[in-house]
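Notes follow the structure.
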Amino acid sequence: MDKFLFLVFGTLDILVVLSLIFKIFRWPFFSYIKECLLIAFVCSIESFIMRTILHLPEWDMLGQFVILMLSLRYIIKVNYYHSLTLSIIGTLAYTEAVIIMFKFLDFAGIVTEEVAAQATGLSIFTLQFTGECTGALIAFLIYKFNLGFSYVAVPPHERTRRLSKREKITSTFHFLAVILLTSYMFWVINFGGPGFNVVLVGLLTLGALLYLAYKEEYRI
């Protein structure tokens with residue numbers, strides 16, 4: 001039963017990430033629901049293997065991020081530059097929502113710092129469920145109030161494109177954000193509470209990424 005719930009919640013995690021990506025960039029989520037379900041399930045399998053078979057939870061987020069970025073490129077047909085942009089913004093947005101919920105649940109005594117290293121159990125499933133609800137609510141509010149950006153066209157995109165000078169600079173910042181994001185599990189698992197505090201730095205990174213998207217939207 002725990003393995004089944006692991007796959008279900010793991011799939012829902014990535015579906016929420018994808019919904020955030022689609023709503024932040026004003027794409028029709030349900031037009032791509034089959035593709036999104038496939039991507040989410042593959043990510044869930046990767047997470048199951050890394051956490052329960054290989055016992056390498058520190059590498060779970062990196063694996064999921066790579067799968068997500070490549071899936072956006074080859075399944076959704078997003079070009080390389082924007083697949084990186086969308087992946088990092090969507091994943092960061094969802095991760096920060098989960099971390100905020102962890103802080104609340106930890107304060108309420110419902111979960112503990114050890115939850116990050118767990119693959120199954122009531123604590124991790126509770127954290128995932130509350131994080132998913134929070135992420136889904138954020139995606140709905142973005143849609144409801146017509147927020148987000150429209151400078152990234154609905155796929156399929158052209159296979160290749162020349163990057164502008166601004167996009168090359170932005171790409172450098174994106175790669176730094178990827179390093180921060182994919183090291184989250186290392187900080188959380190190895191440093192507990194202080195590690196969660198380090199992860200909150202991601203809020204600043206997310207804010208910077210959204211500001212860069214704002215500049216791109218309005219060509220400031």
Side-chain angles (χ1 to χ4, degrees), residues 7-50 60-98 128 131-132 134-144 146-164 166-168 170-171 173-175 177-179 181-182 184 202 205-206 209-210 212-214 216-217:
L7 293 174
V8 169
F9 281 111
T11 300
L12 288 175
D13 278 347
I14 304 302
L15 278 178
V16 174
V17 171
L18 288 166
S19 72
L20 285 167
I21 290 173
F22 275 64
K23 293 302 123 184
I24 289 173
F25 290 91
R26 298 180 180 176
W27 291 357
F29 177 69
F30 288 102
S31 295
Y32 293 85
I33 189 62
K34 292 181 181 178
E35 293 87 345
C36 289
L37 283 170
L38 174 61
I39 296 168
F41 184 69
V42 171
C43 285
S44 180
I45 292 295
E46 178 276 338
S47 184
F48 179 81
I49 292 172
M50 294 299 285
D60 182 19
M61 186 166 286
L62 175 60
Q64 289 201 12
F65 181 81
V66 170
I67 291 172
L68 180 60
M69 187 175 68
L70 292 178
S71 296
L72 286 174
R73 175 65 193 94
Y74 291 105
I75 297 178
I76 307 296
K77 306 298 182 183
V78 181
N79 63 52
Y80 287 110
Y81 173 74
H82 286 133
S83 66
L84 174 61
T85 302
L86 272 59
S87 297
I88 191 67
I89 288 178
T91 308
L92 260 178
Y94 178 64
T95 302
E96 294 306 319
V98 172
Q128 284 182 283
E132 288 158 1
T134 304
L137 176 61
I138 293 171
F140 173 76
L141 291 175
I142 292 172
Y143 165 75
K144 184 69 175 179
N146 197 30
L147 302 175
F149 310 102
S150 57
Y151 72 90
V152 181
V154 176
H157 295 171
E158 294 181 4
R159 188 171 182 83
T160 59
R161 65 190 295 270
R162 186 182 296 275
L163 296 183
S164 67
R166 174 185 290 178
E167 288 175 336
K168 290 179 181 178
T170 301
S171 293
F173 184 80
H174 283 171
F175 278 114
V178 170
I179 293 174
L181 176 66
T182 54
Y184 271 9
T205 305
L206 178 61
L209 289 171
L210 293 175
L212 290 172
Y214 170 81
E216 190 69 28
E217 178 83 357

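The shown structure was predicted, so the numbers you read here are calculated from the model rather than taken from an experiment.
- Scanning all heavy atoms of the two residues, the minimum distance from Ala93 to Leu206 falls at CA-CD2, 3.8 Å.
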Side-chain atoms of residues 11-22: list all donor-acceptor pairs with protein atoms under 3.5 Å, sequence neighbours left out, distances to 0.1 Å.
from, atom 1, to, atom 2, distance (Å)
Thr11, OG1, Leu7, O, 2.7
Asp13, OD1, Tyr94, OH, 2.6
Asp13, OD2, Gln128, NE2, 2.7
Ser19, OG, Val16, O, 2.7

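- Partners of Pro156 under the side-chain contact (heavy atoms from CB on, under 4.5 Å) rule, at least two apart in sequence or in another chain, are Lys77.
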Report task. Would you sort out whether Ser71 and Val42 count as a side chain to side chain contact (heavy atoms under 4.5 Å, CB included), showing the intermediate values? Result -> CA-CA 10 Å; Ser71 296; Val42 171; 5.9 Å; no
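- Atom OG1 of Thr205 sits about 6.5 Å away from atom CG of Leu92, to the nearest 0.5 Å.
- Shown here are the side chain to side chain donor-acceptor pair (under 3.5 Å) partners of Glu35, two or more places apart in sequence or in another chain: there are none.
- Put simply, CD on Glu46 and CG on Leu68 are 11.0 Å apart, with the number rounded to the nearest 0.5 Å.
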Report task. Take Phe29 and Ile33, measure what side chain to side chain contact (heavy atoms under 4.5 Å, CB included) needs, and give me the verdict at the end. Result -> CA-CA 6 Å; Phe29 177 69; Ile33 189 62; 3.8 Å; yes
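- Of all heavy-atom pairs spanning Ala97 and Thr134, the tightest one is CB-CG2, 4.1 Å.
- Ala136 is linked by a side-chain contact (heavy atoms from CB on, under 4.5 Å) to nothing, counting only residues two or more places apart in sequence or in another chain.
- For Val152, the side-chain contact (heavy atoms from CB on, under 4.5 Å) partners at least two apart in sequence or on another chain are Phe25, Trp27, His82, Leu86, His157.
- Partners of Phe48 according to the ring-ring contact (aromatic ring centres under 6.0 Å, His included) rule, which considers only residues two or more places apart in sequence or in another chain, are Phe6.
- Using modelled atom types, no side-chain atom of Arg26 and backbone atom of Ala153 make a donor-acceptor pair closer than 3.5 Å.
- A side-chain donor-acceptor contact under 3.5 Å links Ser83 to the backbone of Tyr80.
- Contact record, Ser171 with Tyr81: OG-CE1, 3.1 Å, taken as the closest heavy-atom pair.
- Here His174 contributes atom NE2 and Leu209 contributes atom CG; the two are 5.0 Å apart, rounded to the nearest 0.5 Å.
- The distance from the SG atom of Cys43 to the CG atom of Leu38 is 9.5 Å, given to the nearest 0.5 Å.
- Looking at every heavy atom in both residues, Thr95 comes nearest to Met61 through OG1-CE, 4.0 Å.
- Atom-to-atom distance recorded for Tyr151:OH and Thr85:OG1 is 5.5 Å, nearest 0.5 angstrom.
- Of all the heavy atoms in Val98 and Gly131, the pair that sits closest is CG2-CA, 4.1 Å.
- Ile88 places none of its side-chain heavy atoms less than 4.5 Å from the side chain of Phe175.
- Ile39 contributes atom CD1, which lies 14.5 Å from atom NZ of Lys34 (distance to the nearest 0.5 angstrom).
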